[in-house]
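Letters A, B, ... mirror the listed sequences (proteins, then strands); counts begin at 1.
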Amino acid sequence: MAEKIAEQIRLLKRGTIEIFKEDELSEKLTEAAKTPRQLRIKLGLDPTSPDIHLGHTVVLRKMRQFQDLGHKAVLIIGDYTARIGDPSGQNTTRPTLTDEQIRQNAKTYFTQAGKVLDTSDDRLEVRYNSEWLEKMSLMELIQLAAKKTVAQMLQRDSFKKRLAAEDDVYTHEFLYPLMQGYDSVVIESDVELGGTDQTFNNLVGRDIQRAYGQTSQIVITMPILVGLDGKEKMSKSKGNYIGVTDEPNDMFGKVMSISDDMMENYFTLLTDLPAEKIAKLANPDKTHPKKAKVLLAKKIVTQFYNEATAQLAAAQFDKVFAQGQLPDDIPVVKISSEPIMASKLLVLCDLTSSSSEAKRMVKQSAVSINANKISDPNAEITPKDGMVIQVGKRRFARLKIK
RNA sequence: GGGUCGGUGCCCGAGUGGUUAAAGGGGAUGGGCUGUAAACCCAUUGGCGUAAGCCUACGUUGGUUCAAAUCCAACCCGGCCCA
């Protein structure tokens, strides 16, 4: 029994940054196994952006491990909080969403999370926090706010930094940690998962639960996945992300574009490979980095599609980028056979966003027609069936005369 | 409420009457080199136009001027200090 629990802890610890606190987790797991009962594992989701990417899956994968051990995932859709705005202060101009948008986002979010999570009824519970927050009275809110001091709130790293940098910190931002903590009380969570950026909020949950007479949840923090640029965290707004719904070829290509020193991290957080194996793959003396990266890309594509698709994506990648051949699936653009100026043709094929950009591209010898580089943006092109226009390395269009 | 500083392109930031589509940096994109890696080198980075050129842009609105991101006024928004 004790051994089994130790084994579970070992598994659950993989890839985590910190567990508050490990011995409590061990107690909970032991108690759950004895009773028996399912632990309730909380994860808060922000439905302001509908698409989830690999950064989200780091935490979702951890959640899946808990599910596989028999526990229950409780997803909290922060629909109420989303209506107010962004707590991180990253982007003050973020538009406030309508109920309809939020609901829509939550729905797609859920579908996408299902690619990682076990969605069967006894393993997953989805709750919207408007369910209880909407009903909260001002008095109740004041009582909640009375549980924490201002000094405690100012401990939060992002508040501290922003104050030091003389950036804005709005009063309502203090309410987010409190509300999230209150979520934990309502759903009686045993464990809360989150990225390290959520550490403060999630720890507030522990205090709030205690203040409301509950046992404190265990907080497990996961690393923030670095985005494709290798610098900032993966996020949709920064455009450095791999979405779980990205096309296989796209997904594969994006993984291939990460820098070598990010590979180990990606292997650890995004695959189930054992640590020893990863160490071998990440060591350039033992494995050629390109080869290791191909494996990583295949593993990732396989997770969201299947192995055969991953193989195809790998073959396609090799064909287009290693051998410089054309990809199989080039978007077809219908066009009349009238001669057209090159710069206009590019816009028409949606290969550039403006004709000014098109002209620049041509001048920079980025454009080729049927594999022949062109240099005059004003050249008249006579469209032919099957003619292939290429801009840069990865933008293609095939013409079809209508 | 008072004082003071500020609001510039995707971001940061220089510019204080004309030579400003606006220095410099970051980012991004294209080319070279490669393994669509990193590093490095070169180039591009508002729109329309075949071109000459035209249009739009420095918080908002109005004004002064031949000419305004730059001067004036009012307003909106924010930081800091004081209360």
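- Distances were taken from every side-chain heavy atom of A:Ser354 (C-beta onward) to each of B:G47, B:U29, B:G31; the shortest belongs to B:G47.
- Put simply, CG on A:Leu296 is 16 Å from P on B:U36, counting in whole angstrom units.
- Formation of a donor-acceptor pair under 3.5 Å by the A:Asn240 side chain with backbone atoms of A:Ser235 is found in this model.
- Ring geometry for A:Tyr109 against A:His56 counts as perpendicular: the plane angle is over 60°, on a 0 to 90° scale with 30° as the lower cut.
- For A:Lys147 and A:Tyr212, the positive end sits near the middle of the six-membered ring, less than 6.0 Å away and at most 45° from its axis.
- The nearest heavy atom of RNA chain B to A:Arg395 and to A:Ile258 marks one nucleotide each, and the one closer to the 5' end goes with A:Arg395.
- Ranking B:G47, B:G35, B:G30 by closeness to the A:Ala366 side chain, first place goes to B:G30.
- For B:G27, its base never sits under 3.5 Å from the side chain of A:Asp229 at any donor and acceptor pair.
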Side chain to side chain contact (heavy atoms under 4.5 Å, CB included) between A:Glu192 and A:Gln198, intermediate numbers included
CA-CA 10 Å; A:Glu192 174 151 16; A:Gln198 293 298 314; over 6 Å; no
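- Rounded to whole angstrom, the span from the NZ atom of A:Lys359 across to the C1' atom of B:U45 amounts to 16 Å.
- Between the CZ atom of A:Phe267 and the C1' atom of B:A37 there is a distance of 14 Å, rounded to whole Å.
- Protein atom CE of A:Met262 is 16 Å distant from nucleotide atom C1' of B:A39, rounded to whole Å.
- Of the candidate nucleotides B:G35, B:U36, B:G49, B:G49 has the atom lying nearest to any side-chain atom of A:Ser355.
- Between A:Asn378 atom CG and B:G53 atom P there is a gap of 16 Å when expressed in whole angstrom units.
- When each of A:Lys363 and A:Ala322 is assigned the nucleotide of RNA chain B with its nearest heavy atom, A:Ala322 is the one assigned upstream, toward the 5' end.
- A:Asp285 contributes atom CG, which lies 13.5 Å from atom NZ of A:Lys280 (distance to the nearest 0.5 angstrom).
- Under the Watson-Crick or G-U wobble criterion, with both distances below 3.5 Å, B:G1 is paired with B:C82.
- Residue A:Met341 is classed as a sugar-phosphate contact, given heavy-atom separations below 4.0 Å to backbone atoms only.
- Between B:G49, B:A37, B:G35, one nucleotide has an atom nearer to the side chain of A:Ser259 than all others, and that is B:A37.
- When each of B:G35, B:U44, B:U50 is scored by its nearest atom to the side-chain atoms of A:Arg360, the top-ranked nucleotide is B:U44.
- Two residues are said to be in side-chain contact when any heavy atoms from C-beta on lie closer than 4.5 Å; A:Arg156 and A:Val204 fail this criterion.
- When each of B:G31, B:G35, B:G27 is scored by its nearest atom to the side-chain atoms of A:Pro289, the top-ranked nucleotide is B:G35.
- Rounded to whole Å, atom C1' of B:C33 lies 17 Å from atom CZ of A:Phe321.
- Among the heavy atoms of the strands, none lies under 4.0 Å from A:Lys291.
- Base pairing of B:G24: its partner is B:C12, meeting the Watson-Crick or G-U wobble criterion (both donor-acceptor distances under 3.5 Å).
- Base-pair partner of B:C71: B:G63 (Watson-Crick or G-U wobble, both distances under 3.5 Å).
- In this structure, B:A43 and B:U29 make a Watson-Crick or G-U wobble pair, each of the two defining distances being under 3.5 angstrom.
- If you measure from atom OH of A:Tyr266 to atom P of B:A38, you get 13 Å, rounded to the nearest angstrom.
- Here the nucleotide nearest the side chain of A:Lys373, chosen from B:G30, B:G31, B:G35, is B:G31.
- Atoms NZ (A:Lys393) and C1' (B:U36) sit 5 Å apart, rounded to a whole Å.
- Across the strands present, B:C48 finds its partner in B:G53; the criterion is a Watson-Crick or G-U wobble pair with both atom distances under 3.5 angstrom.
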